[in-house]
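Everything below concerns the one structure shown next.
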Amino acid sequence: MPLTPEQQAEIDTQRGESHQTLRATAPGMEKHLYTAHPVLDHGFVRVIDYMGDDRAITQAARVSYGRGTKAVSNDEGLIRYLMRHWHSTPFEMCEIKLHVKLPVFVARQWIRHRTANVNEYSARYSILDREFYIPAEDDLAAQSQTNNQGRGEALQGEEAQRVLDWLRDDSTRAYDHYEAMISQEGQQGLARELARMNLPANIYTQWYWKVDLHNLFHFLRLRADAHAQMEIRVYAEALCGIVRDWVPAAYGAFEDYRLGGAQLSGKGVECLRRMLAGEEVTQETSGMSKGEWREFMGVVG
Ligand SMILES: Cc1cc2nc3c(=O)[nH]c(=O)nc-3n(C[C@H](O)[C@H](O)[C@H](O)COP(=O)(O)OP(=O)(O)OC[C@H]3O[C@@H](n4cnc5c(N)ncnc54)[C@H](O)[C@@H]3O)c2cc1C
């Protein structure tokens, strides 16, 4: 359960209120405000606030370009131009503030994105909820044979069941001990800041995370990518849906140039030219390593 009925009622109340404003609003984003989008078994992302829309990007770009940008009259065309040429600061004019509930091991990956503002739930001050991420059986997979940083085939039958049982039992036992340590019944009760240290990395934490659109795109490019771990990728994918509704033109350019596009090395460009000229290029004649060649063929093959 990502939300308790009380938490849902609080959100409903907030969604029932509206305020008049002179600021630009994005209709696609208004429908997401405060709403919790479930992710994994107990997690969610929800938009707490945002600033700007597609027009905020082009407005800022036209100021910084002065007269020079007048030729790019169409907003969508200008946004695509900015994205194509890595002119990133206009995208920083849009901001988003999120409330995210996520397992600690996912938070450890997420927090590596330093260009955001974060405030996390304090397990020194508050007692953590008994909520652990337990993967769906289909998501339990063996170590990949080709990628040291990934998973391969799904675990089968008894092995999958054994792993699930261990994950559940260990989480339950660790939380039972956590509760017992902080309890003040018949004992002093260990401080929360110490008792939390026995909790496993699949326990859920929460934070508010504020980031500008440029750095959010950077996050999404890395974390909505097939190479990202599934458990963070599903958060990135939920965010992609929200950003698409918020700034459709900017998201469209991002999807085209970054998510759907590819970057080639100098050797890659040269090989492509030789291939287009009719030459049969192989890994041996490409000047690329096996890994580079595999990735290159993944793009052009
Ligand atoms: C598939 C994948 C696997 C990964 N594996 C590992 C791993 O095994 N081990 C590990 O430790 N990490 C790993 N990471 C994390 C990765 O190395 C980055 O830390 C993370 O993706 C954040 O990227 P970033 O630094 O570009 O983002 P941000 O911190 O948001 O920074 C954005 C950009 O700002 C600039 N910037 C920010 N801070 C500084 C700074 N202090 N100095 C200079 N420039 C700065 C850089 O240009 C940076 O690209 C992995 C990430 C991915 C996506």
Side-chain angles (χ1 to χ4, degrees), residues 39-40 43 45 47-52 57 60-61 64 82-100 102-120 133 135 139-153 200-202 205-243 246-247 250-251 253-265 268 289-299:
V39 187
L40 299 178
V45 286
V47 182
I48 300 300
D49 206 354
Y50 71 99
M51 181 173 82
I57 300 164
S64 62
L82 297 170
M83 183 69 74
R84 196 161 65 245
H85 292 276
W86 301 88
H87 182 3
S88 50
T89 41
F91 295 97
E92 293 171 18
M93 301 300 152
C94 294
E95 293 250 349
I96 186 170
K97 183 163 70 182
L98 300 163
H99 178 185
V100 190
L102 70 178
V104 164
F105 71 93
V106 176
R108 282 187 63 174
Q109 297 186 340
W110 195 308
I111 201 73
R112 298 302 306 279
H113 297 266
R114 297 158 289 180
T115 41
N117 307 105
V118 190
N119 193 66
E120 188 174 4
Y133 168 61
D139 294 324
L140 292 175
Q143 178 62 41
S144 166
Q145 298 296 316
T146 50
N147 176 4
N148 288 334
Q149 224 179 24
R151 57 184 90 169
E153 296 209 344
N202 63 337
T205 185
Q206 303 184 33
W207 59 37
Y208 269 41
W209 194 70
K210 183 169 76 67
V211 68
D212 65 57
L213 184 60
H214 164 63
N215 285 296
L216 178 59
F217 278 150
H218 181 65
F219 172 87
L220 294 177
R221 184 166 70 91
L222 294 172
R223 303 302 182 175
D225 186 85
H227 295 94
Q229 179 167 347
M230 182 280 276
E231 281 78 11
I232 193 165
R233 198 170 63 233
V234 287
Y235 283 90
E237 285 167 356
L239 283 175
C240 282
I242 292 170
V243 178
W246 172 27
V247 279
Y251 186 82
F254 166 71
E255 197 172 35
D256 193 17
Y257 291 118
R258 302 284 185 271
L259 282 187
Q263 202 173 342
L264 291 181
S265 66
S289 69
K290 283 191 177 139
E292 281 177 302
W293 179 254
R294 196 173 49 244
E295 287 166 21
F296 172 70
M297 289 309 285
V299 173

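We count ligands from 1, going down the list as the structure has it; atoms in each ligand are counted the same way.
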I'd like the name of whichever of R233, H227, R223 reaches closest to atom 20 (C) of ligand 1 through any heavy atom. R223
Ring centroids only, cut at 6.0 angstrom: are W209 and F219 within range, meaning strictly under it? yes
Is atom 16 (C) of ligand 1 touching the protein, meaning some protein heavy atom lies under 4.0 Å away? no
Quick one: CG on N215 to CD on E92, what's the gap to the nearest 0.5 Å? 6.0 Å
Answer yes or no for Q109: is there a heavy-atom contact with ligand 1 below 4.0 Å? no
Nearest 0.5 angstrom please: L102 CG to L40 CG, how far? 8.5 Å
Atom 30 (O) of ligand 1: nearest protein contact (heavy atom, Å): T115 OG1, 2.5 Å
Give a yes or no on whether atom 52 (C) of ligand 1 lies under 4.0 Å from any heavy atom of the protein. yes
Salt-bridge present (E231, R151; N to O < 4.0 Å): yes
Would a 4.0 Å cut-off, counted as strictly less than, catch a protein heavy atom around atom 44 (N) of ligand 1? no
Students often mix this up, so state it plainly: with edges at 30° and 60°, are the rings of H99 and Y208 parallel, tilted or perpendicular? tilted
Any non-hydrogen protein atom less than 4.0 Å away from atom 47 (O) of ligand 1: no
Evaluate R114 for polar contact with ligand 1, using N/O atom pairs at a separation under 3.5 Å. yes
Do me a favour and list the nearest non-hydrogen protein atom to atom 33 (C) of ligand 1 with residue, atom name and distance? H218 NE2, 4.5 Å
Strictly distance-based, threshold 3.5 Å: is any side-chain N or O of R258 a donor or acceptor partner for the main-chain N or O of M83? yes
N215, any N or O under 3.5 Å of ligand 1 N or O: no
Who are the salt bridge (charged side-chain N to carboxylate O under 4.0 Å, His left out) partners of E237, not counting sequence neighbours? R233
Is there a protein heavy atom at a distance of less than 4.0 Å from atom 40 (C) of ligand 1? yes
Quick check on atom 37 (C) of ligand 1 - does any protein heavy atom sit closer than 4.0 Å to it? yes
Students should be able to answer this: which protein heavy-atom is nearest to atom 7 (C) of ligand 1, and at what distance? Q149 NE2, 3.8 Å
Note the single closest protein heavy atom to atom 10 (C) of ligand 1, along with its residue, its atom name and the distance in Å. R112 NH1, 3.2 Å
Does N202 reach the main-chain N or O of Y133 with its side chain, forming a donor-acceptor pair under 3.5 Å? yes
Parallel, tilted or perpendicular: which fits the ring planes of F217 and Y251, with parallel below 30° and perpendicular above 60°? tilted
